[in-house]
Amino acid sequence: MNTAQHPATPEPVDAVHAVLAEAGVLARRLREVLAQLAEGALPLDELIRRTAVTRRTVEDLIATAGPDVEAVGETYRLTPEARDRYRQRFALDELRPAAPTGAEQLAKMREFVESGPAPTTALDHVTATPETALRRAEWLRDTYDLRGAQVLCLGDHDLTSLALSLVVPSASVTVVDVDERILEHIDSVAAEHGFAVRTMHADLRFGVPPVLENCADLVFTDPPYTPEGIGLFATRAAECLAGPNSRLLIAYGYSQRTPALGHKVQQELLRLGMVFEAILPRFHRYFGAQAIGSASDLYVCQPTAHTRKLALRQAPGIYTHGPQSVEALEASAPAEFLNAIGERVGGPVTSLRDPGWPRPIRQQQGAPVFDLRADPGPWLLRMLLACNAERAGFVVPNNHPDITSERAQHALSELVAAKYRLRFHRSSPDSKHAILVADLVDIPTVAHHLLTRAHGKVGNVWREALIAHSEADLTKREARERVVALAPIEADLELRLIDLPRHRIADLLRAATP
């Protein structure tokens with residue numbers, strides 16, 4: 001017999017495994033069907049009632065299991081020979097009700113929150129209670145199959161990632177945030193407790209790190225509660241969803257006095273082709289946010305076939321009404337203001353108001369000057385990474401955290417020293433603003449190579465730098481092995497330098513400097 005023409009029929013348990021693998025995070029409900037069949041014989045209608053799985057899906061699963069499921073009258077059960085095999089293969093015993101959160105977990109979660117950075121009004125931060133973070137984690141554990149799943153938190157001031165790691169230590173969680181303090185705090189706690197959490201920096205107004213596109217089985221976010229804020233975060237989440245079995249989970253609340261606002265927000269989600277699979281009222285509690293009763297709902301959103309295409313058509317920019325809004329960027333600058341900037345930079349102002357990041361910025365005629373007056377803090381460093389002009393100027397608020405003290409200026413200068421020499425002009429061209437002038441340092445080093453190629457994959461750029469600047473003739477393989485040995489975190493080699501949190505950029509550059 002030609003086995004190529006007649007492939008062997010897979011064992012029923014393997015066929016069931018393939019069905020569960022295709023279901024992804026939604027496989028938990030199918031495992032619940034199998035768990036019921038392993039407990040004893042049940043009529044089909046009772047099996048459906050207990051698991052809330054559709055009749056057609058239950059029938060298909062039973063058909064896939066084939067001879068491993070036996071019919072006893074009008075009831076169904078796993079055969080005695082198959083029960084232990086299925087229990088072990090699909091971890092059915094894990095589906096039994098978990099113990100409620102203990103005092104020890106709650107105490108740790110409170111410690112994580114209390115030791116973390118304070119909320120900032122510039123980014124619309126209102127902190128959820130530690131109990132809420134743990135409730136989110138327990139709900140995710142009890143609703144989805146998290147084995148091998150990729151969970152993404154878009155913004156995580158509430159430390160939901162750490163709560164999930166407490167409840168499900170094996171969970172794989174990625175956090176994206178614009179606040180460097182949050183990222184450093186999460187990294188520190190995760191390292192101390194051995195949690196599988198990785199962090200990346202991004203301002204969602206400019207996009208998500210490319211490595212996150214189409215990667216997430218579950219995306220959780222608690223965004224600013226405006227239609228623009230929900231629209232922006234939901235759009236970025238849609239870009240990251242892995243497929244039709246992925247889910248978007250959004251915390252959102254509005255006052256019963258303003259239902260029109262809730263309607264506008266829901267329209268933003270509907271515009272992305274999302275379906276409201278569930279809305280759990282008053283699921284989240286906050287320290288503050290009294291205008292909405294210090295509570296918000298949990299929206300469970302299912303993408304449709306059109307969601308990703310609709311997301312890619314969006315061009316979100318605003319995510320809050322305040323100093324970080326697009327409206328704040330629209331203020332025009334008088335000619336005197338522009339002339340004063342040009343004098344400080346020593347060249348014509350060739351670009352203003354378009355921060356450009358995270359796109360690479362090449363040399364332009366004259367010295368490009370970028371308006372970062374709305375910078376919440378991290379833009380300045382990211383622009384210094386993105387820009388490769390011989391000279392560039394950056395207009396920032398006079399109270400920008402990177403320039404307000406000699407210590408802060410020294411820290412920024414030291415971080416980019418292998419690429420740019422910085423000059424700081426406080427209270428210029430007026431008392432509300434400052435100008436930073438950056439001059440390119442043209443000294444070929446590994447760190448310079450990394451800093452001038454911030455949009456390349458770190459591992460590849462570092463390998464090329466070693467080959468180019470090492471005294472020994474290194475092969476690509478030898479250079480790669482050396483990079484892996486030197487890297488503080490090997491997983492960061494697959495990312496772009498511009499996507500790393502600031503503290504990990506500093507660690508990596510130190511490791512790359514002899």
Side-chain angles (χ1 to χ4, degrees), residues 10 12-39 47-54 56-65 68-69 78 82-101 134-153 160-161 163-174 195-198 212 214-221 237 240-250 275 277-278 280 283 298-303:
V13 69
D14 294 327
V16 170
H17 181 270
V19 170
L20 267 62
E22 185 178 358
V25 290
L26 304 185
R28 182 182 176 91
R29 297 176 65 190
L30 303 183
R31 290 168 62 211
E32 289 173 352
V33 173
L34 296 175
Q36 292 292 330
L37 293 171
E39 290 296 323
L47 187 58
I48 293 168
R49 267 194 299 273
R50 290 190 182 187
T51 61
V53 177
T54 64
R56 182 173 176 180
T57 301
V58 171
E59 290 176 337
D60 287 347
L61 187 61
I62 290 174
T64 302
D68 287 346
V69 173
L78 281 168
R83 286 174 196 162
D84 289 342
R85 196 155 26 101
Y86 275 68
R87 281 193 175 110
Q88 183 176 2
R89 181 75 176 270
F90 303 114
L92 300 184
D93 291 339
E94 293 180 2
L95 300 177
R96 292 170 180 166
T101 300
L134 286 171
R135 186 183 307 120
R136 293 168 177 172
E138 291 174 337
W139 190 86
L140 289 170
R141 176 200 63 196
D142 297 339
T143 305
Y144 299 108
D145 194 342
L146 298 182
R147 300 174 305 160
Q150 298 296 320
V151 182
L152 173 62
C153 294
T160 302
S161 60
L164 184 58
S165 296
L166 276 176
V167 173
V168 187
S170 61
S172 178
V173 192
T174 298
F195 295 154
V197 180
R198 66 172 181 169
L212 296 179
N214 301 310
C215 82
D217 300 296
L218 297 171
V219 178
F220 179 86
T221 186
C240 297
L241 292 176
N245 289 332
S246 301
R247 292 294 185 269
L248 168 59
L249 312 165
I250 300 180
V275 175
E277 192 172 67
L280 282 61
F283 187 91
L298 176 62
Y299 282 64
V300 183
C301 300
Q302 177 181 0

State the [atom1]-[atom2] distance between [X] and [Y], to the nearest 0.5 angstrom.
X      : Y      : atom1 : atom2 : answer
Ile48  : Thr54  : CD1   : OG1   : 7.5 Å
Leu34  : Leu61  : CG    : CG    : 5.0 Å
Leu249 : Trp139 : CG    : CH2   : 5.5 Å
Leu37  : Ile62  : CG    : CD1   : 5.5 Å
Leu152 : Ser161 : CG    : OG    : 10.5 Å
Arg141 : Leu146 : CZ    : CG    : 9.5 Å

ask   = Listed by chain and number, what are the side-chain contact (heavy atoms from CB on, under 4.5 Å) partners of Thr64, not counting sequence neighbours?
value =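 Thr64: side-chain contact (heavy atoms from CB on, under 4.5 Å) contacts with Ala15, Val16, Val19.
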
task = Carefully, step by step, assess Leu241 and Val219 under the rule side-chain contact (heavy atoms from CB on, under 4.5 Å).
result = CA-CA 7 Å; Leu241 292 176; Val219 178; 3.6 Å; yes

Contacts of type side chain to side chain donor-acceptor pair (under 3.5 Å), residue Asp14, not counting sequence neighbours =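 Checked Asp14 against side chain to side chain donor-acceptor pair (under 3.5 Å); matches are Arg89.
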
key: Contacts of type side chain to side chain donor-acceptor pair (under 3.5 Å), residue Arg198, not counting sequence neighbours   =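 Testing Arg198 for side chain to side chain donor-acceptor pair (under 3.5 Å), a comparison that skips the adjacent residues, returns Thr174.
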
query = Do Arg28 and Val25 touch side chain to side chain, with heavy atoms closer than 4.5 Å?
reply =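 They are not in contact (no side-chain heavy atoms under 4.5 Å apart), so the answer is no.
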
query = Val13 versus Phe90: any side-chain heavy-atom pair under 4.5 Å?
reply =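 Contact flag for Val13/Phe90 side chains = yes.
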
key: Test applied, side chain to side chain contact (heavy atoms under 4.5 Å, CB included); reference residue, Glu32; option that passes from Leu92, Asp145, Leu47, Leu95   =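 For Glu32, the side chain to side chain contact (heavy atoms under 4.5 Å, CB included) check succeeds only for Leu95.
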
